[in-house]
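In what follows, a structure is listed as C-alpha cells, so that the remarks can point back to it.
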Amino acid sequence: MVIFLLLFIGFTGWFAARIARPSLTEWLLTAFLLSVGSVIITGFILSGLYLTAQVWAWAAGVFIAATIIGSALRWLAGNPASFSAKELISNRWQLAKNSFDALPLYFKLLFGGLLGTLLVIGVTNLLLVLFTPPNEWDSMTGHLNRVMQYIQRGSMRHFGGTNWNIDTYPKSVCTLQIYGYLITGRFENGFKLIHHTAYWITLVAVFGIVQRMGQLRQAITPTPVLSRLSASLLSALGMGFLLDFLAQAITTETDSVLTAYLSVLLYMLFAYRASETASGRDNRYLYMAGMAFSIAWGHKVTFTLLLPSVFVVMIYTVFLTNRFPVFVARTARLAGAIVVGIGLWMLPTGYLKNIEVFGHPIGPPTALRHQSIERAGSLRNLFEQGSRNVVRYTYDHVNLDGLRNTATGNELNRAMRKPLVVAEDKLHLRLDEETDFSIIPFTFERRFIFYNANPYWGVIGFGLLIPLLVLTLLFVLRSPPHVYLGIAVMLHVAALSYSAPYDPFKGRYFTETGLFAILFLALLYLHPRLDLNRPRRVLLKSYVALIMTLGAVSALCCVFLNVRALPFAWTTPDGVAYPSAFTADRTKLLTIGRPDAYVPYKRFEEIVPDTATVALGTINDDYEYPLYGPHLSRRLITINPFEQGVQPIPKRASYLFFSKNVIKPRPGDIRLGTDTAAAHSPYIAAPAEDYYLRKLH
C-alpha cells in the first residue's frame with residue numbers, strides 16, 4: 001500500500017504546482033495543505049460510512065478529495081500557469097550553493113556547523129520514528145488508544161472511552177494517523193507520519209515567512225539577497241533547534257501538528273501582504289489562509305487561544321489599508337474562506353458532538369475544572385493566579401534545557417538561576433507557595449521527568465529571542481511586522497497563563513508561541529542596526545555564534561539524552577540506567593513514563609493471546625494502548641467509560657483486565673503484580689494501579 005502513499009504525495013505535488021506561484025517553499029506548503037485537507041475530509045466521510053478501517057477506501061478517497069479541493073483552489077487562484085517542480089528544485093539548489101560559496105568564512109563556519117547538526121538530528125529522529133514505538137503519556141491513555149478503537153469499530157463516532165480525551169479531543173488528527181497507519185500496511189509508526197512531517201514543514205514555512213518579510217522590508221530599505229537568505233536560514237535553523245518543538249518531532253503529541261498548520265497560515269498571510277502590485281494583491285493566499293485557519297481550529301481547541309495573536313497578524317497583513325472598499329473586499333474574502341473552511345474541516349471534527357453529549361465544546365465539567373479557566377474560581381483570583389503563571393512560565397523559559405540533561409549542565413543551570421530565585425524571594429511573589437491554580441505546583445527546579453521530555457525554548461529563547469522581542473516592543477529596534485509579532489507573542493503567553501492552571505508539562509504548549517518568536521532572529525540580518533553581514537560588529541557576531549552553538553549542542557542533548565527514546569543506552573546523572581530505544585523490550589519502552597506498570601503489563605503480555613478480546617475495567621489515567629499487543633491485534637472493550645460507572649462485561653470478551661479500585665477481585669483472579677520501588681520513583685508523575693486479570697471463558 002505504500003505505493004499509493006507515494007502516488008498521493010506525487011499527485012498533490014503535481015496539483016500544488018498548478019496552484020502556487022513558482023516558489024519552492026510555497027509549492028511545498030501548498031502541497032502539504034492540500035494533502036492534509038484531503039485526508040481529513042476523506043476521514044470524516046469514511047467514518048460516516050463505517051469505512052474507517054478499509055484501506056482501499058482510503059487509498060481511493062484521498063485522490064477524489066484532493067482533485068475536488070485542488071480544482072477549487074486552482075479556480076480561485078485564477079487558473080495560473082503551472083511550473084516544473086523538478087526545474088524549480090534544481091534552480092533553488094544551485095542558488096543555495098552559490099549563496100553559500102559567497103558567504104564570508106564566519107558565516108560558512110556558523111551555518112555549516114548548524115546545518116551539520118540539523119542533519120545529525122534529522123537522521124537520528126527519522127530512525128527513531130521508523131524503528132521505535134510511540135510512548136508518550138497522552139498517547140498511551142488517549143490519542144493512540146482512541147485511534148485503535150476507531151479502527152476496530154470502523155467509525156470515529158462517539159463511544160464513551162475510559163479517558164475523557166478519547167471522545168472530547170477533535171478527531172481530524174485521527175484521520176491523518178489512521179491513514180498513515182493503514183496506507184503503510186498497518187505499520188505502527190505510520191501513526192507518527194503526520195507529526196514528523198509537521199516538524200519539517202514548519203521549518204520550510206519559517207524560511208518562507210522570513211523571505212516574505214524580507215520582500216516587505218525591501219520596499220522600504222534595500223536589503224541584499226544574501227541577507228534575506230541568511231535571515232531565512234537562521235530563523236529556520238533556530239526553529240529546528242527550539243527544544244519544545246524538536247522534542248515532539250518523534251512523538252504523536254498534537255502541538256507540533258498545530259504549529260505546522262499555524263506556520264502555513266502565517267506564511268499565507270505574509271505572502272498576501274508581500275504580493276502587492278499595481279493591480280492589487282494575490283487573493284489565492286486569502287483562500288489558502290482560510291483553509292489553514294479552519295484546519296488548525298479543527299485540529300485542537302487550544303487554537304482558540306491563538307485567535308487574538310492571529311488576528312493581530314491579520315491586521316498587519318490583511319486589514320491595514322487607507323481605502324475602505326479595499327478593506328471590505330479583503331475582509332469578505334478572508335471571512336468567506338474561513339466560514340467555508342469551518343464547515344468542511346472544523347465542525348465535523350467533534351465540537352458539536354461534545355456540546356450534544358457534555359453541554360460544552362471542550363468536554364465534561366470534570367475536564368474543565370481540572371485543566372481550564374473554571375479552576376481559578378473568582379475573576380479576581382484568576383487575575384492574581386494568572387499573573388503568577390506569566391512569571392512562572394517566564395522563569396521556566398530561563399533554563400538551559402537540553403544541556404541540563406547532563407550533571408555539568410544541571411549544575412551550570414542551577415548557578416545561572418540563583419539570582420532569579422533570590423529576586424523572587426525578595427519580591428514575595430509566592431510562585432511556589434500558591435498552588436490553587438496549578439495542576440502540578442511550580443518549583444524553581446522542574447523535575448527531570450518534566451524538562452527531559454518536555455523542555456521549553458532553551459538558550460536560544462532567553463539568549464536571543466526574548467532580548468530581541470523586548471528591544472522591538474520598546475521600539476529600540478524599529479520593524480513594523482515584528483511589532484505585530486511581538487504583540488502576538490505577548491497575547492499568546494497571556495492566553496496560556498490565564499486560561500488554564502500552571503502545568504510543568506506545558507513546554508509543548510509554547511511551540512506556537514515559539515513560532516511567532518523565532519521570526520525575531522530575522523532582525524539579525526534584516527535590521528540595519530544589527531545586520532550581521534555588515535563589516536566589524538565582532539561582539540555581536542561572537543555572541544550570536546555562541547548562543548546558536550549552545551542551542552545546537554542543547555538540541556543534540558535533547559535528542560540523544562531523551563530517556564523516552566534514547567538512540568543509545570544512557571545512565572542519568574543520578575544513576576538510573578535506561579536502555580537504547582532500538583533494543584529495549586517493547587513493553588518496557590511503552591511503560592517508560594510509568595515504570596511501575598511494567599511488571600503487570602509484561603505479565604499480561606505473556607498470558608493473554610495476541611488475538612484475544614479483553615474487557616477493560618481501568619481508570620482515566622491508565623495506559624490502555626500497550627494492551628493492544630505488539631501487533632495491535634487484540635480487541636479491547638471499555639467497561640468503565642468516563643463518569644458512567646462500570647458497565648456489564650460483554651459476552652464476547654474472553655479476558656477481563658482491571659484495577660482493584662474499579663472492580664473488586666475475587667478468588668481465581670490473577671494479580672499481575674506491581675513494582676513498589678518504581679511506584680515511588682521520582683521519574684513518574686503518578687503511580688499506576690494494582691492490576692488483575694480474570695479469564696472469562
Side-chain angles (χ1 to χ4, degrees), residues 202 205-206 209-210 212-214 216-217 220 231 235 238-239 242 244-245 255 258-259 261-274 289 292-293 296-297 302-322 327 330-331 334 338 383 386-387 389-394 396-397 456-457 460-462 464-500 506 509-524 526-527 529-530:
T202 304
V206 168
I209 293 167
V210 175
R212 302 299 164 251
M213 292 171 70
L216 292 171
R217 191 161 192 89
I220 303 172
S235 300
M239 189 68 201
L242 215 59
D244 55 3
F245 183 55
D255 292 279
L258 178 58
T259 304
Y261 295 153
L262 177 63
S263 70
V264 175
L265 170 59
L266 294 182
Y267 173 83
M268 296 304 170
L269 292 174
F270 277 99
Y272 178 71
R273 171 73 190 246
F293 181 99
W297 210 354
T302 50
F303 183 72
T304 306
L305 303 179
L306 284 160
L307 293 181
S309 301
V310 170
F311 181 74
V312 166
V313 175
M314 286 179 174
I315 291 175
Y316 174 74
T317 56
V318 180
F319 302 139
L320 276 184
T321 177
N322 54 9
F327 165 77
R330 292 176 183 174
T331 303
L334 180 57
I338 290 174
F383 178 77
S387 300
N389 282 348
V390 171
V391 183
R392 286 168 178 151
Y393 288 130
T394 303
D396 280 344
H397 275 81
Y456 283 72
W457 295 349
I460 292 177
F462 70 82
L464 281 174
L465 303 185
I466 294 176
L468 289 170
L469 169 68
V470 171
L471 290 174
T472 301
L473 293 179
L474 293 176
F475 295 103
V476 175
L477 300 175
R478 294 184 176 273
S479 174
H482 286 92
V483 171
Y484 287 91
L485 288 169
I487 296 171
V489 169
M490 300 308 293
L491 286 173
H492 194 228
V493 171
L496 290 173
S497 300
Y498 289 93
S499 66
K506 272 197 178 173
Y509 282 26
F510 283 89
T511 55
E512 299 91 43
T513 328
L515 175 63
F516 290 108
I518 206 69
L519 301 174
F520 283 83
L521 286 183
L523 290 170
L524 294 170
L526 299 183
H527 199 285
R529 296 182 65 177
L530 297 176

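These numbers come from the heavy atoms of this one structure, side chains and all, not from hydrogens, waters or symmetry mates.
Rounding to the nearest 0.5 angstrom, the gap separating the CD1 atom in I487 from the OG1 atom in T472 is 11.0 Å. Note that the CG atom of L468 and the CG atom of L485 stand 12.5 Å from one another [nearest 0.5 Å]. The CG atom of L491 sits 11.0 Å away from atom CG of L496, with the distance rounded to the nearest 0.5 Å. To the nearest 0.5 angstrom, L465 atom CG is 14.0 Å from F516 atom CZ. Annotation: the span from S235 atom OG to F520 atom CZ amounts to 11.0 Å, rounded to 0.5 Å. Atom CD1 of I466 is separated from atom CG of L471 by 12.0 Å, given to the nearest 0.5 angstrom.
Using a 4.5 Å cut-off on side-chain heavy atoms (C-beta onward), Y393 and Y456 make contact. Between L521 and M239 there is no side-chain heavy-atom pair separated by less than 4.5 Å. Side-chain contact between L526 and S479: absent, with no pair of heavy atoms (C-beta onward) separated by less than 4.5 Å. Two residues are said to be in side-chain contact when any heavy atoms from C-beta on lie closer than 4.5 Å; L269 and R273 fail this criterion. With contacts defined as side-chain heavy-atom distances shorter than 4.5 Å, the pair Y509/L258 does not qualify. Side-chain contact check for W457 versus I518: every heavy-atom pair is 4.5 Å or farther apart. Contact check for L307 versus W297: side-chain heavy atoms found under the 4.5 Å cut-off.
Taking every heavy atom of both residues into account, A488 and V313 meet most closely at CB-CG2, 4.4 Å. The two residues T513 and H492 have their closest heavy-atom pair at OG1-ND1, 2.7 Å. Closest approach of E512 and D255 over heavy atoms only: OE2-O, 3.3 Å. L469 and M490 get closest at one heavy-atom pair: CD2-SD, 4.2 Å. The shortest non-hydrogen separation linking P481 to F270 is CB-CE2, 4.2 Å. Across A292 and V264, no two heavy atoms sit closer than the pair CB-CG1, 4.2 Å.
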Going through the distances and angles, do L262 and V310 end up as a side chain to side chain contact (heavy atoms under 4.5 Å, CB included)?
CA-CA 9 Å; L262 177 63; V310 170; 3.9 Å; yes

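Of the possible polar contacts, one joining the H527 side chain to the R478 backbone as a donor-acceptor pair under 3.5 Å is found. Side-chain atoms of R212 never come within 3.5 Å of backbone atoms of M268 as a donor-acceptor pair (strictly under, hydrogens ignored).
Judged by distance alone, the side chains of T202 and T259 never bring a donor and an acceptor atom under 3.5 Å apart.
Note on ring orientation: taking the six-membered ring where Trp is involved, the planes of F327 and F319 are perpendicular (angle over 60°, cut-offs 30° and 60°). Using cut-offs of 30° and 60° on the angle between ring planes, the pair H397 and F510 is perpendicular. Below 30°, between 30° and 60°, or above 60°: for Y484 and Y316 the angle between ring planes is between 30° and 60°, a tilted geometry.
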